A.B. asks: 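I have a structure I would like to understand better, so I am pasting it below and will then ask my questions one at a time.
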Amino acid sequence: MSSAQTFDFTTSLAGAHFPTPIFTASGCASSGKELAQFFDLTQVGAIVTKSVMNKPRHGRPTPRMAETPSGMLNSIGLQGPGIDYFLANDVPWLLERGARVVVSIAGETIDEYAVLARKVRAVSGISAIEVNISCPNVENRGMVFACESDTAARAIDGVRKIIGGEIPIIAKLTPDVTDITAIASSVVNAGADALALINTVLGMVINLDTMRPHLGGKTGGLSGPAIRPVAVRAIYQVHSAMPHVPILGMGGVASGRDALELVLAGASGISIGTASFGDPMALPRVQRELQSLLIARGFTSFKDAIGYAHRSETGGAQ
Amino acid sequence: MSSAQTFDFTTSLAGAHFPTPIFTASGCASSGKELAQFFDLTQVGAIVTKSVMNKPRHGRPTPRMAETPSGMLNSIGLQGPGIDYFLANDVPWLLERGARVVVSIAGETIDEYAVLARKVRAVSGISAIEVNISCPNVENRGMVFACESDTAARAIDGVRKIIGGEIPIIAKLTPDVTDITAIASSVVNAGADALALINTVLGMVINLDTMRPHLGGKTGGLSGPAIRPVAVRAIYQVHSAMPHVPILGMGGVASGRDALELVLAGASGISIGTASFGDPMALPRVQRELQSLLIARGFTSFKDAIGYAHRSETGGAQ
Amino acid sequence: MSTINKSATQITATILSNKRVGAYHQILLAIGDLAALCRPGNFVAIAVGGDSSKMILRRAFAISRITHGNASGGAMELIVAPHGSGSRWLCAQPEGSEIDIVAPLGKAFGIPTTPVNALLVGGGYGSAPLFGLAEVLKSRGCRVDMLLGASTGSKIYAPLEGKRSASTLKIYTEDGSMGEHGRVTAPISSLIASGAVDVIYSCGPMSMLRAISDLTSGTDVVHQCAVEESMACGIGICMTCVLPVKDESGSISMLRSCIDGPVMDASTVAWELVGKTPPAVNS
Amino acid sequence: MSTINKSATQITATILSNKRVGAYHQILLAIGDLAALCRPGNFVAIAVGGDSSKMILRRAFAISRITHGNASGGAMELIVAPHGSGSRWLCAQPEGSEIDIVAPLGKAFGIPTTPVNALLVGGGYGSAPLFGLAEVLKSRGCRVDMLLGASTGSKIYAPLEGKRSASTLKIYTEDGSMGEHGRVTAPISSLIASGAVDVIYSCGPMSMLRAISDLTSGTDVVHQCAVEESMACGIGICMTCVLPVKDESGSISMLRSCIDGPVMDASTVAWELVGKTPPAVNS
Ligand SMILES: Cc1cc2nc3c(=O)[nH]c(=O)nc-3n(C[C@H](O)[C@H](O)[C@H](O)COP(=O)(O)OP(=O)(O)OC[C@H]3O[C@@H](n4cnc5c(N)ncnc54)[C@H](O)[C@@H]3O)c2cc1C
Ligand SMILES: Cc1cc2nc3c(=O)[nH]c(=O)nc-3n(C[C@H](O)[C@H](O)[C@H](O)COP(=O)(O)OP(=O)(O)OC[C@H]3O[C@@H](n4cnc5c(N)ncnc54)[C@H](O)[C@@H]3O)c2cc1C
Ligand SMILES: Cc1cc2nc3c(=O)[nH]c(=O)nc-3n(C[C@H](O)[C@H](O)[C@H](O)COP(=O)(O)O)c2cc1C
Ligand SMILES: Cc1cc2nc3c(=O)[nH]c(=O)nc-3n(C[C@H](O)[C@H](O)[C@H](O)COP(=O)(O)O)c2cc1C
Ligand code: FES
Ligand code: FES
């Protein structure tokens, strides 16, 4: 039986290496700084920053959130300072302190993704780029890029042409599609080195006082434990279809046991999103709990557990 | 202000009339009998029976359920006695007692839907037929009928040819699609008189002891309050696209306030599924609560509240 | 209107006492008039976690014993193992708490109309319904022998109770920490062979029930077992709790253990198919 | 490492007392050394519903007052309105319960370095942070006048406390059941005109804060208000709690009221844009 001292907790995503598999989730850690009061950012796998666009953006009107049973809806609308400010201020702050940084980008056009990738490429020290393609495509009736294989692939292809081979490209997909494995395979063919699964699930809450949609943006993204079974299913399906493509898993992870479910389903890394809202110390706690659970199950290395649920009934862990 | 005595609680779905808008959900009330100990079946809107297939079926291996945060997964696999036994035994039992019956059918082929419709047509007294097209199509790689506009429409078309115009055809859709309004409009074009929204959301739980998928059927359907925001969103989107098509809404309704959300989003009737597992008296309770909430908001008739969340900010309720 | 669960009601019951006994909690609930309707083998479905609980399903527990009595009516005893979050919540509820229950549910143990020699076999908390059953059987003039087994001594519930309610009591633990070293099924073959057993009543893990069924098959001994399958509703409406059961013709149906059980005639259960898909229905 | 919320910690605090006061609950939490770090205007974020809660987000409450003191360290007083399920759960927790809190959070009220005439205006439970603030201001030699308003008398928290902590106290209720009949904003214009006010500190519904801002605009009176927006995280990581705020150049940013507030310079808030989308950012 391995112990916390000898256990190998490292992981990698398409060539990028991380001391632990626990990451923040984009949009749930702002630029990282805000969590520094609660834990040492260098002790977790990586900080995935809030999806940034080319220009500064105000985002959607308030109210921007509604709590739902074991979950919440958000409609932030990608508020942010724009990529130039972000790369000049927020990324250096994190890198100077020794944190690993995964930069998440979001665009409204295929071109904007390429522009963002070019700017990210100019900054050294970034571990990977997460391409959030779960945003509305203004050139195509506001249809979300990741909802169609074609537009999903074109957005990723634009990024690959600029930055491919330099740092891993992680394509972040929405679960709100008929066949997530089809979208996954088209973005992998277009040059994604890894996948981030899952973004929020589209939902709505009606305010019973106003009798109108509660959120300023009407619909919002559902996150938190409520959607964990959807995340596990998506990760399992995609890992089953493409076992060699690393997955950054997320969706409702609030404890070590939750993280373990996603890992066994096929995730090489785990992002913690909404759980940090309820517990600012969620990342180090989940990390500790996951390690104990893996050790208790006889694993000596984190990597051995990735996708374990797919192995035949007779195969052993050790 | 109206009172419980003068309040008009009746509703209708494409010509079928019901004294109240509260129904059971298919698969969450078996054949109705089992709930009769807990409340008077004639006092609710209708009993929607478990989806029945042409032949008797054993369903999926156990375990068939897993509780999840504010929800549950099920993988029953449409166990049932077959349509002949069902129509000869279960339906007469309900009709004799004066309950309104909505028969839910499910097929593995386009033909099976037509065969089922023919048998249902032969029995009088049934209020409506709910066509569950969220089942795997064995003729097309097990792809769920309701996942593609084309197969969804063909299944409904087969039913319409047999029974169209005699009793309302309610097409039940899965939310696991990229664009639910597209599927909705194709089944309406094919002859569906109303829509049932939503079926369960595909999910998975990994058992941390066996480290394998927990359910015998591996994946299962997520239901309960966890998915309510998804149901509200789907109903809102479809009602917005096709305001004249009545919707039987369902998904996570456990109280009057939940039901009201779905009604304001556009539902003409509400099915209560998983909530009956936790509370066998859920139907009469939700019905009572919904009525009080509507009266408290100044409505004198249930129908005035349907789709209210779509009206302009300045329009009033009364 | 229906004949299914015809005594079942939903009520709010007050916890009269909650005591740790070994690895379990003995919980006593005031249930008033409902007590008269509960039979050994029935179970209760309990809402857990309070008003803002993320646990949406009830938890099933065997009714261990019913005490009729004082002014406030009857009481129901449960023996609860703190297993996951729901049962742990229940075990943590203090005296005086109000609990939402539905009871009595399911089929009870069949009671012979003439006196017989009965062997009661319980595994872990499976002993729960056996004490109440023993009392009923004795009142009908039956001889009652009891075997209790568990992995370890702290999981043998109330051995002294067992002694009081049965003519003989033997205890088996797998680690030998109480009673005999070994499994509770060990002595059954020779008891059957010696003709000392007419009916076996069993309750415990599925593997124990199956092992006893193997021992009784081919003998004249009737075996009534209380099965335990994951239940979402407990009242027959969800089809999650099914078990493959053979009818006289040998054809198999997936019966709901909540309403066609939990007590079943063990000889009709297709044990080898539990957790599998039976062959397709031919019709 | 960071300068944001640099005193914030997550701790388990014991409820020392929980008393109903009018429409509110006054809750006292033992917070030990944390007490020394809390300033008037800071808030606390509390986990609600217990272990198996479906409520995944914390609830924000203004820190009403800090008492330093006895052996066990300091205590934090909250004034909680039972509003929805989370606050009702908190109000129902008995003395001795352990509560998971994160505090102190957010920007505190600015305290003038020289004595000024301060007017404290509270609406409903918005009076909470004003009592502690009044004490600090008085210790700095300020004159403190207080106006408390609510829809009805039971929603005026602890009028006697108000009397003790302020030089003058005036109460307004919309139904006239306590104090003057009318809104708490009624006397402000004339107080400003009479020159009796240098700084207004306000806490209450957004409409009240906005009304006061309208009254102070064009005057020399500084207005610090504690805003209240729905907060998912309370620590600056979610961007749900934003408010449109103007900088010197007049350009608008959506600032997080949890870390750039809750106390804000009311003259910088673009009140007319709250709940709307500001015009697109030009860059
Ligand atoms: C007819 C019957 C009688 C029972 N009698 C007793 C008894 O007398 N004493 C006792 O301690 N336990 C008894 N059990 C088992 C008890 O129901 C489970 O231990 C309990 O449901 C676990 O809930 P949890 O939240 O603690 O665990 P979790 O594992 O968190 O529960 C998750 C879900 O799985 C279900 N589940 C988990 N384990 C079981 C199980 N063994 N059987 C059925 N459902 C399960 C739960 O109901 C819940 O829906 C009985 C079960 C049945 C079906
Ligand atoms: C900085 C700040 C200070 C506050 N101080 C106090 C105080 O001293 N006393 C007091 O009684 N209340 C105070 N509130 C309001 C308090 O946070 C809400 O009443 C509480 O969150 C409601 O939660 P609930 O579960 O009871 O209601 P629900 O309506 O069920 O809550 C649902 C969700 O909406 C959020 N929410 C609902 N109402 C509000 C609101 N008014 N403000 C912010 N979020 C809301 C909740 O946090 C929760 O996430 C303060 C709010 C903020 C932001
Ligand atoms: C408030 C909020 C903001 C989010 N913003 C982003 C974002 O900017 N980019 C992105 O890719 N995902 C965003 N997400 C999605 C999360 O990164 C994550 O995929 C999702 O919330 C599921 O994980 P969780 O359940 O752990 O939160 C956001 C989620 C929340 C709750
Ligand atoms: C155990 C179970 C069995 C179900 N069986 C069926 C079925 O046979 N046919 C069908 O159309 N829907 C079936 N459903 C889906 C429900 O009818 C309903 O659409 C869904 O559960 C969402 O509603 P709820 O959250 O109120 O349960 C089933 C759901 C559950 C939980
Ligand atoms: S538990 Fe639902 S049918 Fe048995
Ligand atoms: S509440 Fe999350 S950023 Fe303010």
Side-chain angles (χ1 to χ4, degrees), chain A residues 24 27-42 50 54-82 84-85 93 97 99 214 216-217 223-226 252 254 273-281, chain D residues 1-11 45-49 51-59 84-86 100 102 105 206 227 229-244 251-259 270 273-283:
Chain A
T24 61
C28 302
S30 199
S31 61
K33 235 190 226 117
E34 294 81 355
L35 283 172
Q37 166 66 17
F38 297 98
F39 61 89
D40 180 350
L41 303 181
T42 66
K50 169 138 192 80
N54 194 33
K55 298 272 172 69
R57 248 171 96 100
H58 286 317
R60 296 244 181 84
T62 53
R64 290 181 170 185
M65 74 107 178
E67 198 185 44
T68 67
S70 299
M72 67 171 281
L73 288 183
N74 86 80
S75 95
I76 309 298
L78 293 168
Q79 174 178 345
D84 297 332
Y85 178 94
W93 192 93
R97 275 152 192 83
H214 178 74
S223 63
T274 307
S276 290
F277 302 169
D279 176 6
M281 243 95 86
Chain D
M1 267 172 98
S2 169
T3 55
I4 303 165
N5 279 325
K6 66 180 193 305
S7 309
T9 329
Q10 175 176 22
I11 65 163
I46 302 186
V48 289
D51 283 344
S52 52
S53 178
K54 68 180 171 195
M55 295 180 280
I56 60 167
L57 303 174
R58 287 174 187 264
R59 284 9 185 198
S85 49
D100 173 355
V102 177
L105 293 172
M206 294 293 273
V227 302
E229 275 287 347
S230 281
M231 295 181 177
C233 75
I235 57 169
I237 59 177
C238 76
M239 311 296 280
T240 60
C241 62
V242 297
L243 215 64
S251 86
I252 289 172
S253 299
M254 299 298 278
L255 296 191
R256 287 163 283 187
S257 62
C258 64
I259 56 172
L273 290 175
V274 171
K276 303 210 174 70
T277 321
V281 185
N282 28 349
S283 64

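Letters go in sequence order (proteins before strands), and every chain restarts at 1. Since the structure is predicted, the reported quantities are computational estimates derived from the model, not experimental observations.
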A.B. asks: Sort L273(D) into side chain, backbone, both or neither according to what part of it lies under 4.5 angstrom from a heavy atom of chain A.
C.D. replies: neither
A.B. asks: Given the options D279(A), T68(A), T24(A), N74(A), which has more heavy-atom pairs under 4.5 Å with chain D than any of the others?
C.D. replies: D279(A)
A.B. asks: Donor-acceptor pair, R57(A) side chain versus K55(A) backbone, under 3.5 Å?
C.D. replies: no
A.B. asks: Look at V102(D), V274(D), I235(D), L243(D) and state which one has the largest set of heavy-atom pairs under 4.5 Å with chain A.
C.D. replies: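 Of the candidates given, the most pairs with chain A belong to I235(D).
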A.B. asks: If I measure from the heavy atoms of chain A, does A47(D) come under 4.5 Å with its side chain, its backbone, both, or neither?
C.D. replies: neither
A.B. asks: Given heavy-atom pairs under 4.5 angstrom as the criterion, report whether the side chain, backbone, both or neither of P69(A) touches chain D.
C.D. replies: both
A.B. asks: Between R59(D) and E67(A), does any side-chain N to carboxylate O distance fall below 4.0 Å?
C.D. replies: yes
A.B. asks: Can you tell whether the side chains of R64(A) and E229(D) come within less than 4.0 Å, N to carboxylate O?
C.D. replies: no
A.B. asks: Using a 4.5 angstrom heavy-atom cutoff, name the option from S253(D), C238(D), S230(D) with the most pairs to chain A.
C.D. replies: C238(D)
A.B. asks: Go through S276(A), G224(A), G71(A) and name the one with the most non-hydrogen pairs under 4.5 angstrom from chain D.
C.D. replies: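 Counting heavy-atom pairs under 4.5 Å, the top option is G71(A).
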A.B. asks: Got M55(D) and S85(D) here, is their nearest side-chain heavy-atom distance under 4.5 Å?
C.D. replies: yes
A.B. asks: May I ask you to test the W93(A)-K33(A) pair for a side-chain heavy-atom distance under 4.5 Å?
C.D. replies: yes
A.B. asks: Heavy-atom pairs under 4.5 Å with chain D - which of C28(A), A66(A), A254(A) has more of them than the others?
C.D. replies: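 Result: the option with the highest number of such pairs is C28(A).
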A.B. asks: Is the shortest side-chain heavy-atom distance between L105(D) and N5(D) below 4.5 Å?
C.D. replies: yes
A.B. asks: If I measure from the heavy atoms of chain D, does P81(A) come under 4.5 Å with its side chain, its backbone, both, or neither?
C.D. replies: neither
A.B. asks: Would a 4.5 Å heavy-atom cut-off, applied to side chains only, mark Q79(A) and V242(D) as touching?
C.D. replies: yes
